[in-house]
Amino acid sequence: MSILSSEIGAYAGKQVSLHGHVQTIRSMGGLTFLVIRDRAGIFQAVVNGGEPATLVKDVTLEMPVRIQGTVNQLPKRTDAFEIAAEKLELLSEHLSPPPVEIAKSSKMDAISLPTLLDYRPLTLRNEKVRSIFKIESVFCNAFRTFLNKDGFVEIHTPKIVSTGTEGGAQLFRLDYFGKPAFLAQSPQFYKQIMVGVFERVFEIGPVYRAEEHDTTRHLNEYVSMDLEMGFIENEQDLLTLQTRLLQSMFNSVEEFCAAELSLHDAKIPKFESIPQIQYVDAIELLLRKLSWKNEEAEPDLDPEAERLLCEYAAKEWQSEFIYITGYPRTVRPFYAMPMTDKSGKLSLTKSFDLLFRGVEVTTGGQRIHEPNMLIESMQGRGLNPESYLDYLQCFRFGMPPHGGLAIGLERLAKQLLGLASTKQAALFPRDRNRLTP
RNA sequence: GGGAUCGUAGCUCAGUUGGUUAGAGCGCCUGCCUGUCACGCAGGAGGUCGCCGGUUCGAGCCCGGUCGGUCCCGCCA
């Protein structure tokens, strides 16, 4: 009978079989204790004589083993159980010892980021490192479940594309059977096209940015949680939706990842609504009240500004989130729906960013759905509509008022768990200097 | 692309004013240990001090170059 570590208490006095990786070996002469990790947790096995005692000398840390024996209560404790090994099976040949200690999370926390990533196949096994990805899995599940219930259809758009989306971000070039091609920096055009098909769509997938940034916030490949919906009134519909969506995602993590959260001393943010501030008001607030150091003639929000705004939101509104709305057209892509400023000029956009604990985690907004306005917007930026004909098709045949947003999964996890770097929240991060493992 | 900073054992680090054989903790190996859970005790292995050159009687340490990393900014999620 093969069972999991979590079930061991129900089998006191019975013969069972368990398997897992050896995480700790404590040898006491004739008596050896093994702490073994399976997919449900850990359990202790005690080897006391017999054939297992001979075999246990060849056990190394992280070796996969199968153990058969009797479940016993630990001496002096009624709440804990161990398995007395009667049969020990080494499921691997002799192994070399691991280069870093992975059983203790305190040791793992001390390891430098390059080492942590160089030995990723090993370090991912540490419970604290692993927990990051359990939480991301629950985030994705909750994102899916919430949107599915709300009438969204999950889609998968191509990652090999012929043209870029926004012009700004750099693209990775590919050789596609002799033709130039690129890795998609965003599913933007395709998810908009699919609004004409399903009205509401979402996608969780990788996006690629060939920018040579090297910071704790950036990855050159990251997971984007995208959604796009039709027949909206304005961008406020998206803000409301995302607020509910995030509540649902955080509630799920709280429900299913209590142990993982406590490893990181992380607290789930609680909120009923998320405060909003207009971009121009944010700039004014920063310059007048928040002692923001900025010498630009036309200041733009930088990471320092984002931190200051979040500190302000926490103090004034008791919110760990803040929506920045009404970004100028100059800092938004051509497809962002224009909006009038205080002087009546169409200089702003119905777009927004969401800041969470000092870092931008979401960008979104209403899009232009009228073909002529879209073409004018392209031309206003020196883009040639001829090279966007496939995208423009859907507008020529009719698109509803629509909009969407994209959440950066790794950044969301980083901010929730208080990780030092976004790279820790990617299984095998790709950055300026790293293409392996 | 701009700036700052760091390279010493498998990992994390110390290394005095330039001085003889470069250290610590953890890990690893050997031995002892029958209730450990950061097990304990005794012993041991492990280093081209990133690399190249220079100054010096003498360089881990000073100087120049080079390679690699980390962080910040720009840009973005």
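This one's a predicted model, so the numbers in the text were calculated from it and none came from an experiment. Chain letters run A, B, ... following the sequence lines, proteins first, then strands; residues in each count from 1.
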**Q** Taking B/G64 as the reference, what is the distance to B/U55 when you measure between their P atoms (whole Å, please)?
**A**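 Roughly 15 Å separates the two P atoms.
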**Q** Using heavy atoms to find the nearest nucleotide of RNA chain B for A/G30 and A/Y119 separately, return the residue whose nucleotide is more 5′.
**A**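 With A/G30 and A/Y119 compared, the 5'-side residue is A/Y119.
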**Q** Is any NZ, NE, NH1 or NH2 atom of the basic residue among A/R66 and A/D38 found under 4.0 Å from an Asp or Glu carboxylate oxygen of the other?
**A**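 Salt bridge absent between A/R66 and A/D38.
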**Q** Classify the side chain of A/E212 versus the base of B/G74 as yes if they form a donor-acceptor pair under 3.5 Å and no if they do not.
**A**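 In this structure, the two groups form no donor-acceptor pair.
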**Q** Contact class for A/I407 (heavy atom, under 4.0 Å): base, sugar-phosphate, or nothing?
**A**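 Nothing, no nucleic acid heavy atom in range.
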**Q** Check the distance between B/C11's P and A/K107's NZ and give it to me in whole angstrom.
**A**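 About 13 Å, once rounded to whole Å.
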**Q** Could you tell me whether A/K414 contacts a base, only the sugar-phosphate backbone, or nothing, with contacts defined as non-hydrogen atoms closer than 4.0 Å?
**A**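 Answer is nothing: A/K414 stays at 4.0 Å or more from every strand.
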**Q** Is there a side-chain polar atom (N or O) of A/S27 under 4.0 Å from OP1 or OP2 of B/C39?
**A**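 For B/C39, OP1/OP2 do not have a side-chain N/O of A/S27 under 4.0 Å.
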**Q** Could you work out the separation of B/G47 and B/A14 based on their C1' atoms and round it to a whole Å?
**A**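 Between the two C1' atoms, the distance is 15 Å.
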**Q** Could you check whether A/T32 gets within reach of a base, just the sugar-phosphate, or nothing at all, counting any heavy atom under 4.0 Å?
**A**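 Nothing, no heavy atom under 4.0 Å.
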**Q** Provide the Watson-Crick or G-U wobble partner of B/G1, both distances under 3.5 Å; none if there is no partner.
**A**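 Pairing partner, where one exists within any strand: B/C73.
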**Q** Taking B/C13 as the reference, what is the distance to B/U56 when you measure between their P atoms (whole Å, please)?
**A**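 Rounded to whole Å, the distance is 36 Å.
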**Q** Using whole Å, what does the distance between atom P of nucleotide B/A77 and atom CD1 of A/I204 come to?
**A**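 From A/I204 CD1 to B/A77 P: 18 Å.
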**Q** Is A/E221 touching bases, backbone alone, or none of the nucleic acid, heavy atoms closer than 4.0 Å?
**A**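 Touches nothing.
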**Q** Where the side chain of A/V100 is defined as all heavy atoms beyond and including C-beta, which of B/G35, B/C11, B/G74 is the nearest nucleotide?
**A**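 Nearest nucleotide to the side chain: B/C11.
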**Q** For A/N433, which contact category applies under a 4.0 Å heavy-atom criterion: base, sugar-phosphate, or nothing?
**A**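 Sugar-phosphate contact only.
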**Q** Could you check which of B/G10, B/U34, B/C72 has an atom nearest any side-chain atom of A/T215?
**A**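 Of B/G10, B/U34, B/C72, B/C72 is nearest to the side chain of A/T215.
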**Q** When you measure from the side chain of A/T24, which nucleotide among B/G10, B/C39, B/A77 comes out closest?
**A**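 Minimum distance to the A/T24 side chain belongs to B/C39.
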**Q** For B/U56, give its Watson-Crick or G-U wobble partner with both distances under 3.5 Å, or none.
**A**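 Answer to the pairing question: none, since B/U56 forms no Watson-Crick or G-U pair.
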**Q** My understanding is that a pair needs two contacts under 3.5 Å, Watson-Crick or G-U wobble. By that rule, which nucleotide pairs with B/G46?
**A**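 By the stated definition (distances under 3.5 Å), nothing pairs with B/G46.
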**Q** Rounding to an integer number of angstrom, what distance separates B/C51 and B/G60 when you compare their C1' atoms?
**A**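 Rounded to whole Å, the distance is 14 Å.
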**Q** Could you check A/Q366, A/Q192, A/K191, A/E199 and say which one makes a side-chain hydrogen bond (donor to acceptor under 3.5 Å, both in side chains) with A/H402?
**A**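 Result for side-chain hydrogen bond (donor to acceptor under 3.5 Å, both in side chains) with A/H402: A/Q192.
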**Q** Quote, to the nearest angstrom, the P distance that separates B/G40 from B/G7.
**A**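 Per the computed distance, 31 Å lies between those P atoms.
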**Q** Would you classify A/E410 as touching base, sugar-phosphate or nothing, given that sugar-phosphate means primed atoms plus P, OP1 and OP2, and contacts are heavy atoms under 4.0 Å?
**A**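 Touches nothing.
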**Q** Does a donor on one side chain sit under 3.5 Å from an acceptor on the other, for A/S351 and A/E235?
**A**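 No - no donor-acceptor pair under 3.5 Å links their side chains.
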**Q** Mind telling me whether A/Y388 and A/F189 have parallel, tilted or perpendicular rings, with 30° and 60° as the class edges?
**A**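 The rings of A/F189 and A/Y388 stand perpendicular, inter-plane angle above 60°.
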**Q** More 5' along RNA chain B: A/E304 or A/A406, using each one's nearest nucleotide?
**A**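 Nearest nucleotide further toward 5': that of A/E304.
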**Q** Check whether the side chain of A/R217 and the base of B/C71 form a donor-acceptor pair under 3.5 Å.
**A**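 Side chain to base: no pair below 3.5 Å.
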**Q** Could you tell me the Watson-Crick or G-U partner of B/G25, where both distances fall under 3.5 Å? Say none if there is no partner.
**A**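 The base-pairing partner of B/G25, which may sit in any strand shown, is B/C11.
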**Q** Applying the Watson-Crick and G-U wobble criteria at under 3.5 Å, what pairs with B/G31? Answer none if nothing qualifies.
**A**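 Partner of B/G31: B/C41.
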**Q** In whole Å, what separates the P atom of B/G15 from that of B/G53?
**A**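 Looking at atom P only, B/G15 and B/G53 are 28 Å apart.
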**Q** Can you find a side chain N or O atom of A/T362 that sits less than 4.0 Å from OP1 or OP2 on B/A77?
**A**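 Answer no for this pair, as no side-chain N or O of A/T362 is under 4.0 Å from OP1 or OP2.
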**Q** Just the rounded figure in Å: distance from C1' of B/G35 to CD of A/Q73.
**A**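 Distance check: A/Q73 CD to B/G35 C1' gives 15 Å.
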**Q** Under 4.0 Å between any heavy atoms, over every strand shown, what does A/T115 touch: base, sugar-phosphate, or nothing? Just pick one.
**A**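 The answer is sugar-phosphate, as A/T115 gets under 4.0 Å only of primed atoms, P, OP1 or OP2.
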**Q** Measure from NZ on A/K104 to P on B/C37 and round the result to the nearest Å.
**A**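 One finds 11 Å between P of B/C37 and NZ of A/K104, rounded.
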**Q** Under 4.0 Å between a side-chain N or O of A/K423 and OP1 or OP2 of B/C71?
**A**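 So the side-chain polar atoms of A/K423 do come within 4.0 Å of the phosphate oxygens OP1 or OP2 of B/C71, strictly under.
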**Q** Please tell me whether A/T422 and A/H218 have a donor and an acceptor in their side chains that are separated by less than 3.5 angstrom.
**A**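 No donor-acceptor contact under 3.5 Å links the two side chains.
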**Q** Apply side-chain contact (heavy atoms from CB on, under 4.5 Å) to residues A/R244 and A/M249 and explain how you reach the verdict.
**A** CA-CA 9 Å; A/R244 288 193 298 123; A/M249 289 168 68; over 6 Å; no
**Q** Base, sugar-phosphate alone, or nothing: which one does A/S112 contact when heavy atoms must sit under 4.0 Å apart?
**A**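 Answer is sugar-phosphate: A/S112 comes under 4.0 Å of backbone atoms only.
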**Q** Sticking with atom C1', work out how far B/U70 lies from B/C61, rounded to a whole angstrom.
**A**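 That atom pair is separated by 22 Å.
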**Q** When the distance from CD of A/E211 to P of B/G1 is rounded to whole Å, what number comes out?
**A**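 Distance check: A/E211 CD to B/G1 P gives 14 Å.
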**Q** Rounded to the Å, how far apart are A/E306 CD and B/C72 P?
**A**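 Roughly 13 Å, once rounded to whole Å.
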**Q** Using the C1' atom as the reference point in each nucleotide, state the distance between B/U8 and B/G23 in Å, no decimals.
**A**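 It works out to 10 Å between them.
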**Q** Rounded to whole Å, how long is the line connecting atom CG of A/D214 with atom P of B/C72?
**A**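 It is 8 Å, rounded to the nearest whole Å.
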**Q** Please report the distance, rounded to the nearest Å, between NE2 in A/H218 and P in B/G74.
**A**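 The answer, rounded to whole Å, is 9 Å.
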**Q** Looking only at side chains, do A/Q23 and A/R37 share a donor and an acceptor under 3.5 Å apart?
**A**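 Yes.
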**Q** Base, sugar-phosphate alone, or nothing: which one does A/L61 contact when heavy atoms must sit under 4.0 Å apart?
**A**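 Here A/L61 touches the backbone only, sparing every base.
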**Q** Measure from the ring centre of A/Y222 to the centre of the six-membered ring in the base of B/A77, then say whether that distance is under 5.5 Å and the planes meet at under 30°.
**A**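 Stacking between A/Y222 and B/A77: present.
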**Q** Could you tell me whether A/R120 sits above the aromatic face of A/F428, with NZ or CZ closer than 6.0 angstrom to the six-membered ring centre and within 45 degrees of the axis?
**A**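 No.
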